[in-house]
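Residue numbers begin at 1 in each chain, while the letters A, B, ... track the order of the sequences.
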Amino acid sequence: MSFEAPTYRSEEGSPNRSPIFLRSVISFRPKNPYIIPIMKGIPMDEHAQQEKHSTLEQILEQRKEKIARIREMGIDPFPYAYEVTHRSAEVADGFESLENTQVSVAGRLMTIRKMGKASFAHLQDGAGRIQLYLSRDDIGETAYDMFKLLDIGDIAGVRGLVMKTRTGEVTVKAQELTLLAKNIRPLPIVKEKDGVVYDAFADKELRYRKRYLDLIVNPEVKDVFVKRAKIIRATRDFFDSRGYLEVETPVLQPLYGGANARPFITHHNSLDMDLYLRIADELYLKRLIVGGFDKVYEFSRNFRNEGMDRNHNPEFTAIEFYEAYVDYYYMMDLIETYFHTIADAMGTPVLNYKDASIDLTLPFDRKPMADLFTEHLGLDIAACSEGDFAAWCREHQVEFDPKWNYGQFLDKLFDEFIEPKLIRPTFVIDYPKAISPLAKVKRNGDARFVERFELFICGAEYVNAFSELNDPLDQRERLEGQDRLRVQGDDEAQAFDEDFIQAIETGMPPTGGVGIGLDRVIMLFTGQTSIKDVLLFPAMRTEKSS
RNA sequence: GGGUGUGUAGCUCAGCCGGUAGAGCAGCGGCCUUUUAAGCCGUUGGUCGAAGGUUCGAUUCCUUCCACACUCACCA
C-alpha cells in the first residue's frame with residue numbers, strides 16, 4: 001500500500017524554538033547577492049562600472065582585487081588539495097593528548113579578530129569549529145600579509161601546535177597558513193555570545209533558497225540532515241536484515257496509480273508519448289511480488305501535483321515494502337518493530353513532538369475505525385447509511401456534499417473529528433472499501449470494509465498498509481470503478497492499468513504491503529514541524545529576474 | 001483559492017502625524033602579538049520589493065502586482 005500524505009491537525013503557528021528563527025523577514029530580491037544581475041546589451045566593463053555603486057559590487061570587486069594581490073605574492077588562491085590530520089572536534093576533544101603536538105585542520109574562516117601582528121580566527125569544518133592563533137612571527141611575514149587579505153568565508157588550512165589560550169579555549173597555534181579557496185561573496189555574519197545568537201540568518205525564504213548558506217551559518221540545520229541520513233540507513237538495515245530486496249522501479253510511468261493524487265505530466269520525445277512522474281510505486285512492486293520476489297522494498301521519491309504546505313512538498317519520499325504470504329496483522333507488528341528500531345538507532349525512545357510526549361517503547365493502540373466512530377462521534381457505522389451520515393452532519397452543522405458515498409462520509413468525518421485526537425501511536429484498522437481500491441475485503445466481517453490500517457501519531461498519518469487485494473476479478477472491478485470516477489471528472493481517481501490487472505491475473509500470493517511517509521518519520525524524530533525543514537532543497541517558486 | 005503579516009545597506013534591524021533615509025555588524029583605511037558579539041579612530045555603501053495613483057512633495061497614504069512566512073480551505 002502506498003503512503004498517502006497526511007494532514008496535521010495540531011495547534012500552533014510558531015514554527016521552531018531554535019534561536020535562529022527569532023528575527024523577522026527581510027527582502028533581498030532586487031539586490032540578492034547570490035544572484036548575478038543580468039543586464040542585457042550592456043558591455044561587461046560598463047556593466048561593472050554601473051554596479052560599482054552598490055556595496056555588494058564593491059565587495060565583490062575588492063575581493064577579486066585581493067585574489068589578484070594574493071597571486072602577485074606568488075600564492076595560488078585555489079590550490080588542489082590539502083593534507084588534513086584532524087577535524088575540529090577531534091582537536092578540541094583530544095586536547096589532553098594533543099597538547100603541543102602538530103595538527104593540520106582545514107575549513108571555512110567564520111570569525112577573524114585581528115590585533116596587529118597577531119590574530120585569532122575560528123575555522124569551521126564538518127565537525128564544528130576550532131580557534132586559530134596566528135602571529136606574524138610564527139607564520140612569517142608573507143603568510144601574515146596574505147592572512148590580512150583573508151575574509152570571513154574563505155577556506156583555509158592551518159598546520160600548527162595545539163594549545164590553550166589563557167581563557168582556556170583549545171586553539172591551534174599556526175605555524176603555517178594555506179589559503180585553500182578565496183571567497184568573494186560575503187556570508188551572512190552571525191554572532192553569538194553566551195548562547196545568544198545575534199544577527200541570526202533567519203529569513204526562511206533565503207535559508208531555503210540558499211541552503212548552502214543556511215548550512216554554513218546555522219549549524220543546527222546540519223544536524224537535521226545528519227539525522228535524516230541516519231534514519232535512512234537504519235531503515236535500509238531494517239529491511240535488508242529481514243531478507244527484503246531493495247529494488248528500483250520506474251519514476252516515469254505511462255500510467256500513474258497506487259494512490260489518489262494528481263500527477264505531473266511530462267513527454268518523451270522519441271517515443272512521442274506522455275509520461276507521468278510516479279505518485280506511488282505500489283503497482284510495480286506488486287508486479288515484482290507476482291514475479292517471485294517475496295520481499296521487496298523501495299525508497300520511492302513520489303511526485304504529486306497538489307497543494308504545498310508545511311506537510312506537503314510536491315516531491316516526497318515514501319518507503320514501500322511488500323511481503324508475500326503475510327497479512328496486515330503481520331505488518332502491524334512489523335511496523336511497531338520498525339518504529340522501535342528507529343527510535344533505538346536514534347537513541348530517542350521517548351519523543352517530544354508538538355507538545356506531546358510519545359513513548360515509542362509502549363505497544364501501539366489498535367482500534368477499528370468503527371470503534372473510533374462510536375467512541376468519538378457516537379455513530380454506529382456498521383448500521384449507518386449515507387442518509388444517516390447526512391442527518392448526523394445536519395444535526396451537528398457539519399458541511400457535507402450530498403453526493404458523497406458511504407466511504408467518503410467515513411473518510412471526511414474521520415479526518416475532521418477523529419484523526420486530530422490520535423496523539424498516541426495508534427493503528428486505525430479496517431477502512432471502508434469504497435476508499436481502498438487495492439485492499440482485500442475484511443475476512444469474516446462486513447464486506448464494506450477492507451483489511452487496511454493506518455498509523456497515526458500526534459494527529460498525523462505515518463503509515464498506510466493493506467492485506468493486498470489479490471483476487472483479479474475483484475481487483476478488475478474496483479479499478480474499473482475508479483476509472484469511471486476518473487472519467488466522470490474525479491481527477492484523483494486511479495487510472496485503469498490493464499497490465500497491472502494482468503499481473504494480478506497471473507497470480508499474486510497473499511501479500512502484506514505498507515507505505516511509510518519517510519519525511520514525516522524524519523520530522524517526528526528531528527522535532528521539525530515543517531517538511532521544508534527536513535528537505536535540503538524544498539520546492540520554491542523560481543525567482544523572477546527583475 | 002481565502003485571510004493575516006512581512007519586504008528599507010551584503011547581514012540584523014530602526015525610521016512617529018507625508019518633507020527623497022539611520023544604527024550595529026560586515027567592508028574599506030589606520031592603531032593594536034592571547035582575542036572571542038575583541039577594542040579604538042576614520043570611512044564607503046541605499047531606485048526604501050515593483051508599477052500606478054493621491055499630493056507642491058511618497059520609504060511613509062491608496063490601488064494593483066510580485067515574493068515569502070503564518071493560517072484556513074482544497075488536496076490526502
Subject >> Nearest to side-chain heavy atoms of A:Gln58, which nucleotide of B:A67, B:C70, B:U44 >> reply: B:U44

Original post:
Which nucleotide in the set B:C74, B:U34, B:G29 lies at the smallest distance from any side-chain heavy atom of A:Asp309?
Top reply: B:C74

Original post:
Phosphate oxygens OP1/OP2 of B:A37: is one of them under 4.0 Å from a side-chain N or O of A:Lys191?
Top reply: no

Original post:
Of the nucleotides B:G27, B:A67, B:G45, which has the atom closest to the A:Gln62 side chain?
Top reply: B:G27

**OP:** Over all heavy atoms of both residues, which pair between A:Arg211 and A:Pro538 is shortest? Give the atoms and the distance, please.
**Re:** NH2-CD, 3.9 Å

Subject >> P gap between B:G24 and B:U43, integer Å >> reply: 12 Å

Subject >> Out of B:C11, B:C28, B:A38, whichever nucleotide has its closest atom nearest the side chain of A:Leu206 >> reply: B:C11

**OP:** Using a 4.0 Å heavy-atom cut-off across all strands, classify A:Lys173 as base, sugar-phosphate, or nothing.
**Re:** nothing

Subject >> Selection from B:C68, B:U71, B:G27 that lies nearest to any side-chain heavy atom of A:Arg209 >> reply: B:C68

**OP:** If B:G18 has a Watson-Crick or G-U wobble mate with both distances under 3.5 Å, name it; if not, just say none.
**Re:** none

Original post:
Closer to the 5' end of RNA chain B via nearest nucleotide, is it A:Glu169 or A:Asp137?
Top reply: A:Asp137

Subject >> Distance between C1' atoms of B:U4 and B:C41 (Å, rounded) >> reply: 47 Å

Original post:
Can you check the A:Lys193 NZ to B:C25 C1' distance for me, whole Å?
Top reply: 15 Å

Original post:
To the nearest Å, how far apart are A:Lys114 NZ and B:G29 C1'?
Top reply: 12 Å

Subject >> A:Lys66 atom NZ, over 12 foreign heavy atoms within 6.0 Å >> reply: yes

Subject >> Nearest-Å distance once atom P is located in both B:C66 and B:G45 >> reply: 35 Å

Subject >> Euclidean distance for P, B:G30 against B:G49 (whole angstrom) >> reply: 36 Å

Original post:
Which value, in whole Å, describes the distance between the C1' atoms of nucleotides B:A73 and B:G3?
Top reply: 11 Å

**OP:** Answer syn or anti for B:C17, where the cut-off is 90° from 0 on the glycosidic torsion.
**Re:** syn

**OP:** Rounded to whole angstrom, note down the C1' distance from B:A9 over to B:G27.
**Re:** 11 Å

Original post:
For A:Asp411, which contact category applies under a 4.0 Å heavy-atom criterion: base, sugar-phosphate, or nothing?
Top reply: base

**OP:** When you get a sec, tell me which of B:U33, B:A69, B:C68 is the closest nucleotide to the side chain of A:Lys532?
**Re:** B:A69

Original post:
Does A:Glu65 come within less than 4.0 Å of A:Arg69, counting only side-chain N to carboxylate O?
Top reply: no

Original post:
Given atom CZ of A:Arg310 and atom P of B:C70, what is their separation to the nearest angstrom?
Top reply: 8 Å

Original post:
Any side-chain N or O of A:Lys66 less than 4.0 Å from the OP1 or OP2 oxygen of B:C28?
Top reply: yes

Original post:
Below 4.0 angstrom, N of the basic side chain to O of the carboxylate: do A:Asp145 and A:Lys148 qualify?
Top reply: yes

Original post:
Tell me: CD of A:Glu57 to P of B:A9, nearest whole Å?
Top reply: 15 Å

**OP:** Go through B:A37, B:U34, B:G10 for me and flag the one nearest to the A:Tyr198 side chain.
**Re:** B:A37

Original post:
Of the nucleotides B:G29, B:G27, B:A67, which one has an atom closest to the side chain of A:Arg63?
Top reply: B:G27

**OP:** Assess whether one donor atom and one acceptor atom, taken from the side chain of A:Asp199 and the base of B:G24, lie less than 3.5 Å apart.
**Re:** yes

Original post:
Is there a Watson-Crick or G-U wobble partner for B:A67 with both distances under 3.5 Å, and which nucleotide is it?
Top reply: B:U6

**OP:** Name the closest nucleotide to the A:Arg113 side chain, picking from B:U71, B:C70, B:U35.
**Re:** B:U35

Original post:
Expressed in angstrom and rounded to an integer, what is the separation of A:Glu192 atom CD from B:A26 atom C1'?
Top reply: 18 Å

Subject >> For B:G24, the Watson-Crick or wobble partner whose two distances fall under 3.5 Å >> reply: B:C11

Subject >> Most 5' of A:Met540 and A:Lys117 on RNA chain B, judged by nearest nucleotide >> reply: A:Lys117

**OP:** Please list, chain by chain and in numerical order, all residues satisfying ring-ring contact (aromatic ring centres under 6.0 Å, His included) with A:Phe95, sequence neighbours excluded.
**Re:** none

Original post:
A:Asn313 has an atom CG; how far is it from atom C1' of B:A69, in whole Å?
Top reply: 16 Å

**OP:** Identify the nucleotide, in any strand shown, that forms a Watson-Crick or G-U wobble pair with B:C31, with both distances under 3.5 Å; if there is none, say none.
**Re:** B:G39

Subject >> Non-hydrogen side-chain atoms of A:Leu413 and A:Leu377 separated by less than 4.5 Å >> reply: yes

Subject >> Listed nucleotide nearest any side-chain atom of A:Ile189, set B:C28, B:C25, B:C68 >> reply: B:C25

Original post:
Any donor-acceptor pair under 3.5 Å joining the side chain of A:Arg166 to the base of B:U34?
Top reply: no

**OP:** Describe, in one word, how the ring planes of A:Phe373 and A:Phe414 are oriented to each other, choosing from parallel (under 30°), tilted (30 to 60°) and perpendicular (over 60°).
**Re:** tilted

Original post:
Rounded to the nearest Å, what distance is computed from the CE atom of residue A:Met110 to the P atom of nucleotide B:U35?
Top reply: 22 Å

**OP:** Take atom P in B:U8 and the same atom in B:U60, then report the distance between them in whole Å.
**Re:** 14 Å

**OP:** Please confirm whether any donor atom in the side chain of A:Tyr133 sits under 3.5 Å from an acceptor in the base of B:U35, or the reverse.
**Re:** no

Original post:
Does B:U60 have a Watson-Crick or wobble mate here (both distances under 3.5 Å), and if so which one?
Top reply: none

Original post:
How are the rings of A:Phe409 and A:Phe389 set to each other: parallel, tilted or perpendicular (split at 30° and 60°)?
Top reply: parallel

Original post:
Taking the P atom of each, how far is B:G42 from B:A26, in whole Å?
Top reply: 16 Å

**OP:** Give the rounded distance in Å between these two atoms: NE2 of A:His312 and P of B:A69.
**Re:** 16 Å

Original post:
Base, sugar-phosphate, or nothing for A:Arg262, non-hydrogen atoms under 4.0 angstrom?
Top reply: nothing

**OP:** Have a look at A:Thr111 and say if it touches a base, only the backbone sugar-phosphate, or nothing, with a 4.0 Å heavy-atom cut-off.
**Re:** nothing

**OP:** Compare all side-chain heavy atoms of A:Pro186 with those of A:Leu56 and state whether any distance is below 4.5 angstrom.
**Re:** yes

